[in-house]
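Below: the structure, in structure tokens.
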Amino acid sequence: MDKFVFSQTTRTHAGEGIMENALREELPHFDKRVLLGYGKGSAKASGLLERVRGILEDCGKEVVEFGGIMPNPTYAKVQEGAALARKEEIGFILALGGGSVSDCCKMVAAQSLTDKDLWDMETADGLFPDRALPVGVVVTASGTGSEQNNDAVITNEELYVKRDLYGLKPEFAVLDPTLTLSVPMPQVMAGAFDSLSHVMESYFGKPSNSFITDELSEAVMRNIIRNMRRVLSAPSDTDARAQLMWDSALAENGLLKLGKKGDFQCHMIEHQLGAYTDCSHGQGLAVLHPVVYRHILKDNPMKFRRFAVEVWGIEASGRTDEDLAARGIDALEAFIAEVGLPSSFGDMGLRDILSLEMMRRIAQSTIISPGCARKLSPIEILQILRECL
Ligand code: NZQ
Ligand code: ZN
């Protein structure tokens, strides 16, 4: 186990129907001038936007709306939000949405307090903001865990790069599963698979000998798999949705990375796939994981064996380690098909978009993970992308 320092500072309010009480408890601690961030249309259509605006106004806040935050938020949208926050003298940001809204608002919060260009500052100079407007997140679609971390995945359209930028952690997060009932089922599954991916990417990192962090990860993975099946068979099961929301936060709030270097190679490939195709993050991961894992299986067979037995419940007796390791990946692949997630880029409608030249650029621009079972090369990443077609 590696050394670590851990601090989780986001206050989390979780439970069915708790949104209004949670906001009324939190809002008095923050500034009067509120930027209310939301997505393209779902919050307006469901009436949630009006509800939240009403609660804010009832608590004495002056609300400025910042709508139209797109899935896979762009750096241009961050700049738009920061300009608005400065002009309106905003003192607090409330993000109402999924990971995209949360990510965009976290970077707006940091960008609005500095004249430096955050992209250049972070990617070229390796400097990170130490000040930001406070942010609260009301999660309406779970999966990314953005509401409890300082990460924000932003697409720079000019550069064709989608990558992690870092702001500050939200002050508070509201996890009310009833708010997710209107999320289309393919997005529910994509979000939950993103959470599963976060756990796997940490689990298969280094060191690979297992300790308590890995045992916690196994429990979270089993819980995600079980509750994805429950939500699929009973979409209005708010208990299953509540569990997926909590799994999502646990998967990406740092707890399951403690003492380890994460792998996150599938994420790095998917982010560049997203930069070129604007595809769904969770769906891209579902296609990539089995293919990437078959490439690195032989480099860490005992960890894949453990994954098969502890996560998928595959009977070990009478089987070789290699057979068990391969069966774990087969089980993951079968589960992806079972829950209706795509198994190829073709299933995602990307076959005609992804030319060989585009895949070359994606492979060349993918960040290579140092924590992976084996370091991949751009040539192997191109091979992986072609196998995903
Ligand atoms: O924009 P609207 O109209 O709101 O629709 C959204 C969007 O189309 C819809 N939606 C959200 N809540 C809804 C709803 N539809 C109906 N009812 C509701 N209650 O869902 C669609 C997807 O939303 P989005 O926020 O894009 O999804 P997700 O939460 O999966 O976020 C994906 C983004 O997060 C990044 C991804 O790369 C991607 O850009 N990630 C962020 C991470 C982080 N900050 O820690 C880690 C992840 O690995 C990930 O990379
Ligand atoms: Zn992810």
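Numbering of residues begins at 1 and proceeds along the displayed sequence. Just so you know, ligand 1 is whichever comes first in the structure, and atom 1 is the first atom listed for that ligand.
The minimum distance between the Zn ion (ligand 2) and any N, O or S atom of His267 involves atom NE2.
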message: Applying side chain to side chain donor-acceptor pair (under 3.5 Å) to Ser146 and Asp103, what does each step give before you reach the verdict?
response: CA-CA 7 Å; Ser146 169; Asp103 283 4; 2.7 Å; yes
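Remark: among candidates His281, Gln283, Gln148, Lys106, the nearest residue to atom 36 (C) of ligand 1 is His281, based on non-hydrogen atoms. Distances from atom 43 (C) of ligand 1 to the heavy atoms of Asp151, Asn72, Leu49 show the closest one on Asp151.
Protein heavy atom nearest atom 27 (O) of ligand 1, with residue, atom name and distance: Gln187 NE2, 3.3 Å. What sits closest to atom 50 (O) of ligand 1 on the protein, heavy atoms only, is His271 NE2, 3.0 Å. Looking from atom 41 (C) of ligand 1 to the surrounding protein, the closest heavy atom is Asp103 OD2, 3.1 Å. Residue, atom and distance of the protein heavy atom nearest to atom 34 (O) of ligand 1 are Thr144 CG2, 3.4 Å. For atom 29 (O) of ligand 1, the closest non-hydrogen atom of the protein is Gly99 N, 2.7 Å. Regarding atom 47 (C) of ligand 1, its nearest protein heavy-atom neighbour is His198 NE2, 3.4 Å. Nearest protein neighbour of atom 26 (O) of ligand 1, counting heavy atoms only, is Ser100 OG, 2.6 Å. Looking only at protein heavy atoms, the nearest one to atom 5 (O) of ligand 1 is Ser42 OG, 3.9 Å.
Partner Val174 forms a side chain to side chain contact (heavy atoms under 4.5 Å, CB included) with one of Thr12, Ile18, Val52, Val139 and no other, that one being Ile18.
Looking only at atom types and distance, the side chain of Gln243 has no donor-acceptor partner in the side chain of Asp247 under 3.5 Å away. Between the side chains of Gln148 and Glu252, no donor-acceptor pair is found at a separation under 3.5 Å. With no hydrogens or angles considered, a side-chain donor-acceptor pair links Glu387 and His295 at under 3.5 Å. Checking Asn149 against Lys106 by side-chain atom types alone, a donor-acceptor pair falls below 3.5 Å. Checked by atom type, the side-chain pair Gln272/Ser365 shows a donor-acceptor distance below 3.5 Å.
A salt bridge does not link Arg319 to Glu315: none of the charged nitrogens lies less than 4.0 Å from a carboxylate oxygen. Under a 4.0 Å N-O distance rule, the pair Asp330/Arg294 qualifies as a salt bridge. Salt-bridge annotation for Lys116 and Asp125: absent, with no side-chain N of the basic residue lying under 4.0 Å from a carboxylate O of the acidic one. The existence of a salt bridge linking Arg241 and Asp237 is excluded, since no basic side-chain nitrogen approaches an acidic carboxylate oxygen closer than 4.0 Å.
At least one N, O or S atom of Asp194, from either the backbone or the side chain, sits less than 2.8 Å from the Zn ion (ligand 2).
Residue contacts with ligand 1 for Asn149 involve side-chain atoms from C-beta outward but no N, CA, C or O (heavy atoms, distance under 4.0 Å). If you look at Leu179 next to ligand 1, the close heavy atoms, those under 4.0 Å, all belong to the backbone. Here Lys40 has heavy atoms under 4.0 Å from ligand 1 in both its backbone and its side chain. The proximity of Val183 to ligand 1, defined as any non-hydrogen pair under 4.0 Å, involves the side chain as well as the backbone.
Contact atoms of ligand 1 toward Gly41: 2 (P), 3 (O) (distance under 4.0 Å to a heavy atom of the residue). If you number the atoms of ligand 1 from 1 as listed, the ones under 4.0 Å from a heavy atom of Ser182 come out as 16 (C), 17 (N), 18 (C), 19 (N). The contact set between ligand 1 and His267, taken as ligand atoms under 4.0 Å from a residue heavy atom, comprises 48 (O). In summary, the atoms of ligand 1 found under 4.0 Å from a heavy atom of Gly39, numbered by their order in the structure, are 1 (O), 4 (O). Close contacts between ligand 1 and Asp194 involve ligand atoms 47 (C), 48 (O) [criterion: under 4.0 Å to a heavy atom]. When each atom of ligand 1 is checked for a heavy atom of Pro71 under 4.0 Å away, the hits are 7 (C), 8 (O), 26 (O). Per-residue contacts place Thr140 under 4.0 angstrom from the following atoms of ligand 1 (heavy atoms of the residue considered): 11 (C), 12 (N), 13 (C), 18 (C), 19 (N). Close approach of ligand 1 to Lys162 (heavy-atom distance below 4.0 Å) involves ligand atoms 36 (C), 37 (O), 38 (C), 39 (O).
Taking the six-membered ring for Trp and thresholds of 30 and 60 degrees, His198 and Phe264 have nearly parallel ring planes, at less than 30 degrees apart. The aromatic rings of Phe30 and Phe92 lie parallel to each other, their planes meeting at an angle below 30°, with 60° marking the opposite boundary.
The backbone N or O of Val199 lies less than 3.5 Å from no partner atom in the side chain of Ser217, so there is not a single donor-acceptor pair. Checking side-chain atoms of Thr366 against main-chain N and O of Ile362 turns up a donor-acceptor pair under 3.5 Å.
For atom 11 (C) of ligand 1, a protein non-hydrogen atom is found at a distance below 4.0 Å.
Of the angles at the Zn ion (ligand 2), the one spanning NE2 of His198 and NE2 of His281 is 170° when given to 10°.
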